[in-house]
Participant: 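Sharing a structure here in structure tokens format.
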There are 2 protein chains.
Amino acid sequence: MEDRHEAPVQPATHAKVRILDTANRLFYNEGVHSVGIDRIIAEAGVTKTTLYKYYRSKELLTVSYLQLRDNYVRDIVARLQAQTEDPIERLHLLVEAIAGEAEKPDFRGCPFINATAQFSDPQHPVRLAIAEHRRWYSEQVEQMFRNAGHPDPVQARDDFFLARDGAYASANLGDPATATAALRRMTGRLIGQASGGQASGGDSEA
Amino acid sequence: MEDRHEAPVQPATHAKVRILDTANRLFYNEGVHSVGIDRIIAEAGVTKTTLYKYYRSKELLTVSYLQLRDNYVRDIVARLQAQTEDPIERLHLLVEAIAGEAEKPDFRGCPFINATAQFSDPQHPVRLAIAEHRRWYSEQVEQMFRNAGHPDPVQARDDFFLARDGAYASANLGDPATATAALRRMTGRLIGQASGGQASGGDSEA
DNA sequence: GCATGGGCAGACAGATCTGTCTGCCCCCAT
DNA sequence: ATGGGGGCAGACAGATCTGTCTGCCCATGC
């Protein structure tokens with residue numbers, strides 16, 4: 001049986017969190033459209049009534065799932081910003097966070113890219129949540145490069161995003177270590193442009 | 001052979017092609033799991049019997065869809081290889097083909113990356129088709145860099161893939177022109193490493 | 001000790017999706 | 001002209017998915 005004596009004290013963080021965590025795991029691992037509500041409630045140990053009480057529809061649950069993912073990333077960025085004031089160091093930490101994520105054995109690609117593949121309408125709430133996440137993320141990266149004194153922070157931001165998206169996709173479809181190695185090469189060069197000041201062709205690596 | 005007795009009045013054998021074309025369009029635009037068989041037969045102007053005669057299941061139709069996409073890419077590569085013997089020029093043509101695709105208004109991301117997001121089991125026939133496509137593609141790019149005399153064709157291939165996957169993802173989720181600009185910067189640098197850094201020139205292998 | 005209320009549980013309903021079955025029509029050969 | 005065959009057409013069946021409805025249990029207030 002289940003432990004049912006843990007709930008009464010805090011009803012807010014009771015079944016609601018369990019549902020979202022389960023949805024997060026299943027939606028991410030198997031895809032939103034491949035996972036039914038029945039699977040979620042079964043593995044979360046709740047019933048439909050409970051799920052539909054907290055999340056009025058699967059669509060809203062999906063949006064909540066992506067918002068949870070969004071919060072993950074925001075926490076990571078906030079943490080690395082608290083870790084150091086040096087913008088160069090922050091960029092390196094961000095790259096390592098991305099690489100570490102992509103190398104985890106249960107990595108299944110970027111949840112936002114994956115969700116985009118499943119919701120084609122750009123005006124769908126899911127897509128709006130994704131767009132907002134990327135807008136915020138883009139701003140963060142650009143600001144980091146700007147603070148690092150990169151000569152063209154906008155371009156660096158675009159290159160960084162290219163490398164990040166590519167690393168996520170390549171790590172998922174191919175070999176993660178290969179993908180993260182390429183990610184580190186690319187971002188290392190970008191960050192080097194910031195610290196060095198002058199870009200000029202050719203990365204001088206060991 | 002095939003269009004021997006189907007040609008006359010009704011494009012009979014065209015039904016098979018029409019189905020695949022429609023599946024291609026709908027699966028690509030809206031996602032495999034979001035499109036039902038009913039949609040496909042309606043827009044292809046055929047009935048279920050016809051569809052299930054040529055493609056025994058939706059799964060096989062999905063595999064056929066990805067094989068069609070695979071053939072697209074192979075045709076592109078074959079065409080640019082027929083266009084010039086210069087490996088550098090071939091790489092540039094490949095980049096432009098990728099960029100041109102990503103900038104098309106109906107671009108919806110890489111069909112293989114999108115399909116991966118919807119089929120989580122790596123042993124699924126769909127995933128096997130994807131893996132085979134990427135294996136082939138990877139080999140082609142590596143060979144191009146090798147023929148171009150790049151000092152590290154394997155690394156260049158990995159970087160190229162990172163840029164390609166990133167460009168597809170970024171073009172789909174964000175601004176295509178921004179993504180392709182970053183793609184051209186990255187690949188231009190890679191190709192420049194090949195033309196500039198001549199490594200033991202003159203090795204011509206099969 | 002008893003009534004009350006809120007959240008939990010499983011059964012239920014409507015819609016949709018994949019895949020099948022039987023009849024019909026057109027084309028071709030004789 | 002006529003018989004045969006193959007592909008086309010829509011109805012049908014089983015399964016699944018989302019979302020709803022009605023009891024039940026436990027914690028709390030008097």
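Throughout, protein chains are lettered first and strands after them, A, B, ... in sequence-line order, and every chain is numbered starting at 1. All values below come from the heavy atoms of this structure, side chains included, with hydrogens, waters and symmetry mates left out.
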Participant: Measure from CD1 on B:Ile37 to P on D:dG10 and round the result to the nearest Å.
Facilitator: 16 Å
Participant: Okay, side chain of B:Tyr28, backbone of B:Gly109: is any donor-acceptor separation there less than 3.5 Å?
Facilitator: yes
Participant: For the residue pair A:Leu66 and A:His133, establish whether any side-chain heavy-atom pair is separated by less than 4.5 Å.
Facilitator: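 Heavy-atom side-chain distance check fails, nothing below 4.5 Å.
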Participant: So, is B:Thr50 near the phosphate of D:dC8, with a side-chain N or O under 4.0 Å from OP1 or OP2?
Facilitator: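 Yes, such a contact exists.
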Participant: Is it true that, when you exclude A:Arg135 itself, more than 12 heavy atoms of the residues, nucleotides or ligands shown sit nearer than 6.0 Å to its CZ?
Facilitator: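 Counting other residues, nucleotides and ligands, CZ of A:Arg135 exceeds 12 neighbours.
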Participant: Between B:Val154 and B:Arg157, is there a side-chain heavy-atom distance shorter than 4.5 Å?
Facilitator: yes
Participant: For B:Phe27, run the ring pair (Phe, Tyr, Trp, His ring centres under 6.0 Å) check against B:Phe119, B:Phe112, B:Tyr65 and tell me which one passes.
Facilitator: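 Among B:Phe119, B:Phe112, B:Tyr65, the one that satisfies the ring pair (Phe, Tyr, Trp, His ring centres under 6.0 Å) with B:Phe27 is B:Tyr65.
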Participant: If the threshold is 4.0 Å, N to carboxylate O, is there a salt bridge linking B:Asp70 and B:Arg74?
Facilitator: yes
Participant: Calculate the interatomic distance between A:Asp38 atom CG and C:dG10 atom P; express it in whole Å.
Facilitator: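 Result: 12 Å.
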Participant: With axes from five pairs an end, tell me the bend angle of the helix from C:dG1-D:dC30 to C:dT30-D:dA1, nearest 10°.
Facilitator: 0°
Participant: State whether B:Glu96 and B:Arg184 are salt-bridged, where the test is any N-O pair (Lys NZ or Arg NE/NH1/NH2 against Asp/Glu carboxylate O) under 4.0 Å.
Facilitator: yes
Participant: D:dC8 P sits how many Å from B:Ile19 CD1, rounded?
Facilitator: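 That distance rounds to 8 Å.
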Participant: Looking at C:dG10, does its base get a donor-acceptor pair with the side chain of A:Thr49 below 3.5 Å?
Facilitator: yes
Participant: CG of B:Leu61 versus C1' of C:dC17: gap in Å, rounded?
Facilitator: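 Rounding to the nearest Å, CG of B:Leu61 and C1' of C:dC17 are 14 Å apart.
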Participant: Rounded to whole Å, how long is the line connecting atom CZ of A:Arg39 with atom P of D:dC17?
Facilitator: 9 Å
Participant: Between P on D:dC17 and CZ on A:Phe27, what's the gap in Å once rounded to a whole number?
Facilitator: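 Atom CZ in A:Phe27 sits about 12 Å away from atom P in D:dC17.
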Participant: Dump the pairs, protein N or O against N or O of nucleotides 13-15 of chain D, anything under 3.5 Å, distances to one decimal.
Facilitator:
none

Participant: In this structure, how many angstroms lie between the P atom of D:dG6 and the NZ atom of B:Lys16, rounded?
Facilitator: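 Answer to the nearest Å: 16 Å.
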Participant: Is there a side-chain contact between B:Leu93 and B:Arg79, using heavy atoms and a 4.5 Å cut-off?
Facilitator: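 Counting from C-beta outward, B:Leu93 and B:Arg79 never come under 4.5 Å.
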Participant: Is there a side-chain contact between A:Leu20 and A:Gln67, using heavy atoms and a 4.5 Å cut-off?
Facilitator: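 Heavy-atom side-chain distance check fails, nothing below 4.5 Å.
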Participant: Give the rounded distance in Å between these two atoms: OH of B:Tyr52 and C1' of D:dA9.
Facilitator: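 Between C1' of D:dA9 and OH of B:Tyr52: 16 Å.
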